[in-house]
Amino acid sequence: MIRQFQLVEKVRIYIPEVDEATLNKAYVFAMRAHGDQKRESGDPYFSHPLEVASILAELHLDLETIITGLLHDTVEDTSVSLDEIEKNFGVDVRNLVDGVTKLSQIEWQSKHERQAENFRKLILAMASDMRVLLVKLADRLHNMRTLHFCASDEKRQRISQETLDIYAPLSERIGIHQIKEELEQLAFAQLHTEAYESIKARLHFLRQKGKDTVNDIKSQLHALIKENGISSVISGREKSPYSIWRKMRQRKVPFEQITDIIAFRILVDTKEACYRALGTVHSKFAMVPERFKDYISTPKPNNYQSLHTTVIGPTNHRIEIQIRTHTMQDYAENGVAAHWKYKQNNQEDKSEYRWLRGLLEILEHSSDPEEFLEHTKLEMFQDQVFCFTPAGDLISLPQGATVIDFAYAIHSDVGNHCVSAKIDGRLVPLRTVLRNGSQVEVCTSKSQMPSPTWERLVVTGKARANIRRFIRTQQREQYILLGKSILQKLFKKKSKSFSDRALIEFLPRLRLKNVDELYVRVGSGVYTAAEVYNQMFPDQERIAEKTDDEECVLAEAKSEKAPDRPVKGKTAISLHGLIPGMAIHYAGCCHPLPGDRIVGIVQTGKGVTIHTRDCSTLTQYESEPDRWLDVSWDSEADHHEIHVGRLYVLLSNQSGALAKMSTIVSHQDANIINFKITNRTETFFDIVVDIEVKDADHLTNIIGSLRAVSQIVSVERV
Ligand code: MN
């Protein structure tokens, strides 16, 4: 536990004229308030707020923030009131402590809907004062550092998952790289201990093996840049086990080379020197196209600035190089905190947090909080692509964004009516994926409307939410028309006069408020026309559930994008976007799992087949947009169901390799149900494994763990 004078010293380094009396007062105040409370580690509770204050001092934050660090748990855990805090430390500290207390009360593991609401609270708290989040992150960091003292396994897992899902991405977003890395590291070690250990062991091995290579590359780079009259500091920075794990989950290649785990960093004095150093490196080593990124001219949304390039290095392996100034480096490590330092006395300039505004906007317009959460979570992990409007305004979108995303980013009206775009003057279709630096001019037409297939083409939450909203409204209109015509035909056949008024009388019996509701239910297949008819004319001879006429109307309507006719019975799985009772099949080609992005294809007479969105089989339906159904997994439902995922594994032909594989699968609580060797050579086995898993994420974790095993050459999902 650090001492009182040590904390003061830490702050004095960067605020020489610090108000020591107030800092000491806060120290004593918090210590008294926590009294003899204890942490799970057995340490006095006060050691926690003190460490939190110390972390904040390392980020060189202002005095109010440090004091908030000391006091952050007093209102929640002791008898101290906010008024007392205000009386002693002023209204700003009061508001900060209040903000942190409110954030701490958020329960992330609650139901999805509540989680979204919590997210909303978090963003609002951040928008009001970024320092609240900084204290919260320091709090979380210290709790993660001491998490191994926590006796409950379930709690350790929960806190770690929450850290990975929420707090690490948030630290990344506000640019505090240091904290992000440490949070990820600690959480990863808790959640996937085995993978963590084996990656660490391999890192160690590669580090020993590649020591000379790294030093060699460093001195070559240094000499090269010096020759050109630029002074630089060069370091080789090892990637973290967690970032390697993530790459292994996502990418096909296992890591083999020392150069895969080291990124070289060149620090120079000026922006101009960055570009000169870059030119020097590129003139000596071949650059890998596509990998070059200029975050100096277009910084990341968290204000990160740097040049990134990958070149074929001296040993003929790819090496990653980052070039930036010392100041940019400080920003890269400390983000918003560094920003704070440089503008100590200025109010935080919120306009720089474009992404925050983006989130707030989605939040305001999202009818479905669950959708909102899904997308903000996703977007936080994605890299950005930067494009310009014809007027030169910068629009940043997640990697993979298309013209449609861009159009919606400008305005929902532009999105709803976009027909094509001109990228750098060339006419391109809507599905075109945007590239960095493009200038995009969206072409619109009044008669254009979003189509369900657009959803497959967008990656931003904003575009998706808008498209869904539009389709929902439009679908309802179609159901009304369809329902009405189904009933009309049946009535005509039975020689009954048909009018809205005739139906209105029967609405109470069907417990419906208006005729449109009835039409929607008939149109969407909740009621059959025969059911309605039988209800309305109970004395008449009952007509069969299905009439030829109805079939005929449905068939006609299909070409207007109406869903397939429902089959009686309960839905076996929970999917959004399907009418209950519809027959569902999982496609055998792609084995979709909960969590995968999916799409339904209407198979006449068979129901709906669910495919993953990237399934290659889908190309054969491309010309028939009417058969595509917009479906998604119901995330509210607990996935008690077990699904089967299929993996291709390439195993080296060594004794124990198979055993190792099955051990790992069972450690991940999954079950191998089918297993086939498709090819066997002296050195390798090709095998197909079917594994019962909970969802896609579960399978991805298994894949990651398998990739960490040295006898396993590659693992792919089918
Ligand atoms: Mn705390």
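- In this structure, R717 does not pair ionically with D614, as no charged nitrogen and carboxylate oxygen lie closer than 4.0 Å.
- When only modelled atom types and interatomic distance are considered, H643 and E692 share no side-chain donor-acceptor pair under 3.5 Å.
- Formation of a donor-acceptor pair under 3.5 Å by the T402 side chain with backbone atoms of T432 is not found in this model.
- Between P594 and K694, the closest heavy-atom pair is CG-O, 3.6 Å.
- Checked for salt-bridge contact, R202 and E238 miss the test: no charged N lies under 4.0 Å from a carboxylate O.
- Using modelled atom types, no side-chain atom of H204 and backbone atom of K200 make a donor-acceptor pair closer than 3.5 Å.
- To the nearest 0.5 Å, the span separating CG on L134 from CD1 on I55 amounts to 12.0 Å.
- Considering every non-hydrogen atom in both Y408 and A463, the closest pair reads CD1-CB, 3.5 Å.
- Aromatic pair H308/Y295: centroids less than 6.0 angstrom apart.
- The CD atom of Q305 sits 9.5 Å away from the OG1 atom of T298 when rounded to the nearest 0.5 Å.
- When atom types are taken as modelled, the side chain of S652 and the backbone of Q711 share a donor-acceptor pair closer than 3.5 angstrom.
- The two residues A401 and V459 make their nearest non-hydrogen contact at CA-CG2, 3.4 Å.
- Here the options are I687, L651, D686, the test is side-chain contact (heavy atoms from CB on, under 4.5 Å), and the partner is I677; only I687 passes.
- Here the closest heavy-atom approach between residue K155 and residue S152 is recorded as N-OG, 2.9 Å.
- The CD atom of Q185 lies 11.0 Å from the OH atom of Y242; values are rounded to the nearest 0.5 Å.
- In terms of heavy-atom proximity, F264 sits nearest to G236 at CD2-CA, 4.1 Å.
- If you check the side chains of T612 and R597, you find no donor sitting under 3.5 Å from an acceptor.
- In this structure, a donor-acceptor pair under 3.5 Å is present between the side chains of S705 and Q668.
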